[in-house]
Amino acid sequence: MRHDLTSLRALYDQPFFDLIQQARETYRANWAENEVQLCTLLSIKTGGCSEDCSYCSQSAHYDTGLEKETLLPLPRILETAERARANGSTRFCMGAAWRGVTEHDAKFKSVLETVRAVSKLGMEVCVTLGMLTPEAARQLRAAGVTAYNHNLDTSPEYYPQIVTTHTFDDRLDTIRSVQAAGMSVCCGGIIGMGETETDRLKLLEVLCGFDPAPESVPINCLMPMEGTPLDGQPPVDIFQLVRLIATTRIALPKARVRLSAGRTRLSREGQALCFFAGANSIFYGDKLLTAANPGIDADHALLHELGLGITKPEPLVPA
Ligand code: SAM
Ligand code: DTB
Ligand code: SF4
């Protein structure tokens, strides 16, 4: 069934245990194993971004103290990707602090070359480079990108409070280009930016309208960044986070629901509830793009303690 705001709210507002039980049943009916996918992030071009996203350490509009860097050289990227694979990641996501890409730009050509090299390592290759034209999307797909991350972040109504340099509709246009090029869509949001719980459900309603459905839905908790307008926001309530994950699991049964930024502020018990409610992917490794993430030892210990497996890589296809 395709959910709208009314049906999502009915799910979300159930007594907590009824909601997480329904989410768990949905998970069991749609996923064979109790497994969590490990996805490693790397910022290949950090800081100095023209956009004013009020949560972001990489925006040039705010003095966040972040060192601006140029595009990382290919050997550095490959080395990190190989290490991620050796540590058990099956997905590698490269991010660039760009408003978007221009097809004929040398920097974009260099990203395509990077993608061609990384895609030989046998992991899913995801990139997040900002806005894309249909042609840029086709070139990324041809180079070997399997998924494109482009978050809508919050409801259409609240979006202009968070970003003014591009619109919610600009984000939707890019998602359409990604789908037309045949890449999977990774699209989710951030909670804890001062939005209401209704804004969160409205974002989920938009995701439920995608055709095809998003392959993965990252749910980030705001990591307050010094110098940004959203620094100082209070942490997200754990039960609100679990309710949102459970509702997402029920509404998008086959999506990878990724428990994303902000795990450093969640307890082990809180994370366990998120997995019970249907989260089946995490960002893995000491660093997200610019911010801290739990260490890999802590994550292995937690998954082991909960008896959760790790999604295995597909066998390497000889070139
Ligand atoms: N520039 C590209 C874009 O905007 O799509 C890619 C990089 S951007 C940093 C990727 C996503 O990271 C954002 O859409 C947002 O959802 C998430 N993110 C960024 N800063 C965050 C923060 N401080 N806390 C939580 N999530 C954050
Ligand atoms: C997503 O939804 N979260 C990731 C990934 N997609 C690119 C990024 C989180 C960034 C957290 C803040 C930082 O590291 O700067
Ligand atoms: Fe730039 Fe992306 Fe950060 Fe927005 S979220 S400021 S587009 S890097």
Side-chain angles (χ1 to χ4, degrees), residues 41 43-71 93-108 110-111 126-137 140 148-181 183 185-196 199-200 202-203 206-207 210 214 217-233 260-262 288-291:
L41 281 168
S43 179
I44 60 169
K45 193 272 164 193
T46 303
C49 183
S50 64
E51 303 307 281
D52 69 353
C53 310
S54 13
Y55 49 79
C56 189
S57 64
Q58 306 199 65
S59 166
H61 293 255
Y62 318 120
D63 186 5
T64 66
L66 191 75
E67 278 300 319
K68 183 178 155 186
E69 290 169 14
T70 52
L71 206 52
C93 178
M94 295 170 275
W98 286 332
R99 171 181 167 81
V101 301
T102 341
E103 290 140 39
H104 304 294
D105 195 328
K107 290 190 217 112
F108 181 54
S110 162
V111 170
C126 175
V127 288
T128 180
L129 314 170
M131 290 189 247
L132 290 185
T133 58
E135 178 52 27
L140 286 168
Y148 196 82
N149 168 245
H150 201 63
N151 290 341
L152 291 172
D153 283 331
T154 189
S155 68
E157 292 82 359
Y158 197 60
Y159 198 77
Q161 305 290 315
I162 299 299
V163 185
T164 70
T165 47
H166 57 256
T167 65
F168 195 85
D169 281 342
D170 291 332
R171 303 293 283 184
L172 289 175
D173 281 346
T174 291
I175 287 160
R176 279 189 276 270
S177 299
V178 169
Q179 288 174 325
M183 289 181 280
V185 168
C186 170
C187 182
I190 310 181
I191 66 175
M193 302 190 294
E195 76 289 341
T196 62
D199 286 309
R200 298 170 191 167
K202 284 183 172 170
L203 164 63
V206 176
L207 299 179
F210 285 8
V217 179
I219 298 183
N220 297 276
C221 295
L222 177 74
M223 303 188 76
M225 296 293 178
E226 209 183 309
T228 63
L230 292 176
D231 189 16
Q233 284 288 323
S260 300
L288 294 162
L289 293 174
T290 71

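Side-chain atoms are counted along with the backbone in the values below, which use heavy atoms only and exclude waters and symmetry mates. Values in this document were obtained by computation on a predicted structure and should not be read as measured data.
Between His166 and Tyr159, the angle of the ring planes lies from 30° to 60°, which puts this pair in the tilted group.
For the residue pair Lys107 and Leu71, the shortest heavy atom distance occurs at O-CD2, 3.8 Å. Across Ala96 and Leu129, no two heavy atoms sit closer than the pair CB-CD2, 3.8 Å. Heavy-atom minimum distance, His150 versus Ile175: O-CD1, 3.9 Å. Of all heavy-atom pairs between Thr46 and Leu66, the closest is CG2-CD2, 3.7 Å. Scanning all heavy atoms of the two residues, the minimum distance from Met183 to Tyr148 falls at SD-CB, 4.4 Å. Closest approach of Ser177 and Ala137 over heavy atoms only: O-CB, 3.5 Å.
Applying the salt bridge (charged side-chain N to carboxylate O under 4.0 Å, His left out) criterion to Lys45, with sequence neighbours excluded, gives no partner residue.
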Is there a side chain to side chain contact (heavy atoms under 4.5 Å, CB included) between Leu140 and Phe108? Walk through the geometry before answering.
CA-CA 9 Å; Leu140 286 168; Phe108 181 54; 3.7 Å; yes
Apply the test side chain to side chain contact (heavy atoms under 4.5 Å, CB included) to residues Ile190 and Thr154: give CA-CA distance (whole Å), side-chain angles for both, the deciding distance (0.1 Å), then the verdict.
CA-CA 7 Å; Ile190 310 181; Thr154 189; over 6 Å; no
Intermediate values then yes/no, side chain to side chain contact (heavy atoms under 4.5 Å, CB included), Phe210 and Leu152:
CA-CA 12 Å; Phe210 285 8; Leu152 291 172; 3.8 Å; yes
Stepwise, does the side chain to side chain contact (heavy atoms under 4.5 Å, CB included) test hold for Thr128 with Leu41?
CA-CA 10 Å; Thr128 180; Leu41 281 168; 5.6 Å; no
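The side-chain heavy atoms of Ser50 and Thr165, taken from C-beta on, include no pair separated by under 4.5 Å. By the 4.5 Å heavy-atom criterion applied to side chains, Val111 and Val101 are not counted as neighbours.
Within the structure, the side-chain hydrogen bond (donor to acceptor under 3.5 Å, both in side chains) test picks out no pair touching residues 220-230 (sequence neighbours left out). Under the salt bridge (Lys or Arg N to Asp or Glu O under 4.0 Å) criterion, the residue pairs touching residues 49-71 are Glu51-Arg99, with sequence neighbours excluded.
No donor-acceptor pair under 3.5 Å is formed between the side chain of Asp173 and the backbone N or O of Asp170. No donor-acceptor pair under 3.5 Å is formed between the side chain of Tyr55 and the backbone N or O of Asp153. In terms of modelled atom types and a separation under 3.5 Å, the side chain of Asn151 and the main chain of Gly188 share a donor-acceptor contact.
Asp199 has no carboxylate O lying under 4.0 Å from a charged side-chain N of Lys202, or vice versa, which leaves the two without a salt bridge.
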